[in-house]
Amino acid sequence: GSLLVEAAAASPGSTLIGSDVDAEALEIAGARLGGKAALVEANAAVADPGRADITLTLANLPWGKRYESEGGNQAFYAAVLKNALAHAAPDWRGVFITSDDAALRKAALAVGKLSVEGMARPKVRGVEAGIWRVTRAT
């Protein structure tokens, strides 16, 4: 729930919708957010926010360390991107954190008509990661 907590602080009037496969993580996020977000237990590749006007998708994508998806990170990331776009407003953009930069770039290429831009290179729990902005290519 850390990303949603930060999003709530940065944009207090926003409608926040979050998903996670870990029920305990959702419980913690719910407590931290105090009802400021709708939370569902689902992975980001299939989560249904119940609307088609999402303007921003924020995701700390699985890195394949704790949760390994069938087909690997690239296949899962492509499914996340497709699902985000299925619920996206025309001005949608995504911000994704991952240590598997190559998988995210290949996933965006496979989905098509997306642009990926590196924003920052933080260390997350001692592992170098990337923060990436994904937008519809013009």
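Because the structure is predicted, anything quoted here is derived from the model rather than measured.
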Of all pairs that satisfy side-chain hydrogen bond (donor to acceptor under 3.5 Å, both in side chains), the ones with a partner from residues 102-117, not counting sequence neighbours: E117-R133
Pairs involving residues 3-16, ordered by first then second residue, that meet side-chain hydrogen bond (donor to acceptor under 3.5 Å, both in side chains) (sequence neighbours left out):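 Sorted result for residues 3-16: S11-S14.
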Derivation of the side-chain contact (heavy atoms from CB on, under 4.5 Å) call for L3 and I97: CA-CA 10 Å; L3 286 176; I97 302 169; 4.1 Å; yes
Distance (rounded to the nearest 0.5 Å) between L81 CG and L104 CG: 6.0 Å
CG-CD1 distance between N83 and I54, expressed to the nearest 0.5 angstrom: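 It comes to 10.0 Å.
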Under the side chain to side chain donor-acceptor pair (under 3.5 Å) test, residues paired with D48 that sit two or more places apart: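 Listed in chain order: nothing, the list is empty.
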Results of side chain to side chain donor-acceptor pair (under 3.5 Å) for S2 - residues two or more places apart only: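 So S2 forms a side chain to side chain donor-acceptor pair (under 3.5 Å) with R32.
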Short side-chain to backbone donor-acceptor contact, D20 and N43, under 3.5 Å: no
H87 side chain to R51 backbone, donor-acceptor under 3.5 Å: yes
Restricting to non-hydrogen atoms, name the atom on [X] and the atom on [Y] that form the minimum distance, rounded to 0.1 Å.
X: A75; Y: G71; result: CB-O, 3.6 Å
X: A107; Y: A78; result: CB-N, 3.4 Å
X: A89; Y: R136; result: O-NH1, 2.8 Å
X: A79; Y: A45; result: CB-CB, 3.6 Å

Taking the side chain as C-beta and beyond, is there a heavy-atom pair between [X] and [Y] under 4.5 Å?
X: Y77; Y: T98; result: yes
X: W92; Y: D53; result: no
X: L114; Y: T135; result: no
X: F96; Y: V80; result: yes

Sequence neighbours excluded - salt bridge (charged side-chain N to carboxylate O under 4.0 Å, His left out) pairs with any residue from residues 93-104: D101-R121
Residue pair V95, L56: steps toward the side-chain contact (heavy atoms from CB on, under 4.5 Å) verdict: CA-CA 8 Å; V95 176; L56 176 64; 4.1 Å; yes
Neighbour count >12 (heavy atoms, 6.0 Å) for atom CD, E24: no
Hydrophobic cluster identity match, V124 and M119, side-chain contacts under 4.5 Å: yes
Joint hydrophobic cluster, V134 plus L109, side-chain heavy atoms closer than 4.5 Å: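 No; L109 is not reachable from V134 via cluster members.
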Residues clustered with L4, ILVMFWY side-chain links under 4.5 angstrom: V5, L16, L26, L33, L39
